[in-house]
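Below is one structure, written out as C-alpha cells; comments come after it.
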Amino acid sequence: MPSSRTGKPPVQRASRRPRPAVPRPPRENPVQRLCTRARRAWDRPLTAYYLILGGSVLITVLGLVMVYSASQITALQLSLPGSYFFRKQFLAALIGGALLFAASRMPVKLHRALAYPILAGAVFLMVLVQVPGIGVAVNGNQNWISLGGSFQIQPSEFGKLALVLWGADLIARKQERKLLTQWKHMLVPLVPVAFLLLGLIMLGGDMGTAIILTAILFGLLWLAGAPTRLFAGVLSVAALIGVTLIKTSPNRMARLACIGATEPKAGVADCWQAVHGIYALASGGLFGSGLGASVEKWGQLPEAHTDFIFAVTGEELGLAGTLSVLALFAALGYAGIRVAGRTEDPFVRYAAGGVTTWITAQAVINIGAVLGLLPIAGVPLPLFSYGGSALLPTMFAIGLLIAFARDEPAARAALAMRQPRFGRKRAGGSGAERGPRRWNTMRRRASAARSSGER
C-alpha cells in the first residue's frame, strides 16, 4: 500500500454515488400564483364577515355621496337647501349604524325572541296606514305614516324584516320537531301570514314592495326544502294574482309596456322616466362626466335620488362606477350565501338566506328597471337610494348577517386567536402570568441583536 508524505497510510474515501435527480415542482406563473393566493384568502374563516361589513359600509358611503349629488337640484326646485335630502339620509344612516351595531352584537336567541314583536308591530303599523287621517299617500301609493314635519315612515319596509325573522324562527322550530315533511306544516301558517302582509301592502297600491315580500317567501320555502310540486303550486298562485293585479291597473300596464323603450311614446305609456334613465347611463361613458356633473338630474329624470339613483351614478361615475356598485352587491350576496351554507343552526340558515334573498332581489329589480330590462317597480336600491324607511331595516338586517358570520365556529376560533395589539392585556392570567407587551418584546430582541454584534 503506498504511503503518504507524512508516512501514514492514506485515508480511504468512499466513492460518491450520484444522487437521484429530484424532479422540481413546476414553477407557477404570476397569474396562477395570484389566483392561488386569492383562493386561500377567499377560504379564510373571516372572509364572509369582512365582505359583509366592508361591502355594506362602502355601499352606504357611496350612496350618501350620490344622494347628495343627485338630490341637490330637486331640493333647490322645492325651495329647500341643497343639502336637505343628504342631511336626512345622513341622519338615517347614523341611526341605522347604531341598529347595525346592536344587531351584530345580539345573540341568536335574542334575534329569535324579537321575531314576534317585530311582526306584530309591522302588522299594526300597516293597518294604521289604511286608517283615514293617519295614512299618507305618496305618488299614488298610500303606504306612509307621517311622524310630524317632513319625517315619514313606510311600515311595509319593516314588514320585510318581520317576515324574515318570524319565518326563519317558525321554520327552524318546525325543523327541530321534524314537521317539515308534511306539506301543511310547510305552508301553514307561513304562507297565510305572508299573504296577510301582501294584502295590507297591496291595499296601498305598492306592488314593488309586494314583489320583494313574495321573493322572501319563496326564498324561505326553497331553503326549507319545499317539494317541487308544492313550490310550483305557490308560485302559480302568486303569478296568477300578480297578472290579475297588473291587467286591472292601467298604470302597471304602462310600466310593463316601457320595457326596452329607447324613446318617449305618446299616450299613457310615455316612458319618460325609463328613457331618460337610459340616456343617463349612455352618456356616462367609461369613467363618467364627473361627480356632480349629471345633466339628467336637472329636471329631466324623475326620482333621480331615489329609484333612479343608479342612472345618475352611471352618468357621473361611468361604467367603472356602476360595475363597482354591482361588484359590491355581488360580494354581499356571496357572503350571505356562504353564511347560510356553512352554519349548523337552522334559524341562522333561514334568516341569512332570507336577508340575502331580500337584498339581492331588490337590487336586481331596481337595477333591471333602470337598465330597461324590467318594469319600473318603484323600489329603492338597498343601502344606496334615498329613504330612511328603507335604510333602517336594511341596516338592521346587515347587522344580522354580521352577527351570523361572527358566530360561525371557524370564525369564532379565528377571532379568539387574534393577538392583542400595543400592549393590550391578554385574556387569562395577571401579573407574572400575563404575557409581555409586544413593543417590550421587540425592544428586547433589538437590544439582543446589537449586543451580539449584528447589524
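Predicted model, so just to flag it, every value in this text is computed and none were measured.
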Item checked: Any residue meeting ring-ring contact (aromatic ring centres under 6.0 Å, His included) with Y84, in chain and number order, not counting sequence neighbours -> none
Notebook entry, point to check: Would you call K160 and L213 a side-chain contact if the rule is heavy atoms closer than 4.5 Å?
Noted result: yes
Check: Between T306 and E303, is any side-chain donor less than 3.5 angstrom from a side-chain acceptor?
Finding: yes
Margin query: Could you work out, with side chain to side chain contact (heavy atoms under 4.5 Å, CB included) as the rule, every residue matching V67, not counting sequence neighbours?
Written below: S71, Q89, I309, Y386
Check: For the residue pair F85 and H305, does the interplanar ring angle fall in the parallel (under 30°), tilted (30 to 60°) or perpendicular (over 60°) class?
Finding: tilted
Next item on the list: Return each pair, listed once, that meets salt bridge (charged side-chain N to carboxylate O under 4.0 Å, His left out) where at least one residue sits in residues 67-94; pairs must be two or more places apart or across chains.
Entry: none
Next item on the list: Please list all pairs passing the salt bridge (charged side-chain N to carboxylate O under 4.0 Å, His left out) test where one or both residues lie in residues 112-128, with sequence neighbours left out.
Entry: R112-D169, R112-E176
Next item on the list: Check whether any side-chain N or O of T343 sits under 3.5 Å from a backbone N or O of V339 as a donor-acceptor pair, and report yes or no.
Entry: no
Notebook entry, point to check: How many angstroms lie between CD1 in I365 and CG in D307, if you round to the nearest 0.5 Å?
Noted result: 12.0 Å
Cut-off 3.5 Å, no hydrogens considered: what does the side-chain donor-acceptor table look like for residues 388-399, sequence neighbours left out?
residue : atom : partner : partner atom : Å
S389    : OG   : Q154    : N            : 2.9
T394    : OG1  : A390    : O            : 2.6

Notebook entry, point to check: Does the S249 side chain pair with the main chain of I246, one donor and one acceptor, at a distance under 3.5 Å?
Noted result: no
Check: Please, which pairs that meet side-chain hydrogen bond (donor to acceptor under 3.5 Å, both in side chains) have at least one residue in residues 313-329, sequence neighbours excluded?
Finding: S69-E316, S294-E315, K297-E316
Next item on the list: Return yes when atom CZ of R173 has more than 12 non-hydrogen atoms of other residues, nucleotides or ligands closer than 6.0 Å, and no otherwise.
Entry: yes
Notebook entry, point to check: Do the non-hydrogen side-chain atoms of E296 and F308 ever get within less than 4.5 Å of each other?
Noted result: no
Notebook entry, point to check: Is it true that atom CZ of F287 has more than 12 heavy atoms of other residues, nucleotides or ligands lying nearer than 6.0 Å?
Noted result: no
Next item on the list: Please list, chain by chain and in numerical order, all residues satisfying ring-ring contact (aromatic ring centres under 6.0 Å, His included) with Y279, sequence neighbours excluded.
Entry: H276
Check: Does the side chain to side chain contact (heavy atoms under 4.5 Å, CB included) test come out yes or no for I145 and L128, once each step is laid out?
Finding: CA-CA 8 Å; I145 294 178; L128 284 182; 4.0 Å; yes
Item checked: Contacts of T181 that satisfy side chain to side chain contact (heavy atoms under 4.5 Å, CB included) - sequence neighbours left out -> none
Margin query: Is it true that, when you exclude E263 itself, more than 12 heavy atoms of the residues, nucleotides or ligands shown sit nearer than 6.0 Å to its CD?
Written below: no
Checklist line | Non-hydrogen atoms of V164 and A351 that approach each other most closely | finding: CG1-O, 3.7 Å
Margin query: Going by side-chain hydrogen bond (donor to acceptor under 3.5 Å, both in side chains), name the pairs with one or both residues in residues 207-223, residues two or more places apart or in two chains.
Written below: D206-T209
Next item on the list: Check ring-ring contact (aromatic ring centres under 6.0 Å, His included) between Y68 and all other residues, then give those that pass, not counting sequence neighbours.
Entry: F86
Notebook entry, point to check: Who are the salt bridge (charged side-chain N to carboxylate O under 4.0 Å, His left out) partners of D407, not counting sequence neighbours?
Noted result: R412
Next item on the list: Can you sort out the partners of A162 under side chain to side chain contact (heavy atoms under 4.5 Å, CB included), two or more places apart, ordered by chain and number?
Entry: I118, L119, A122
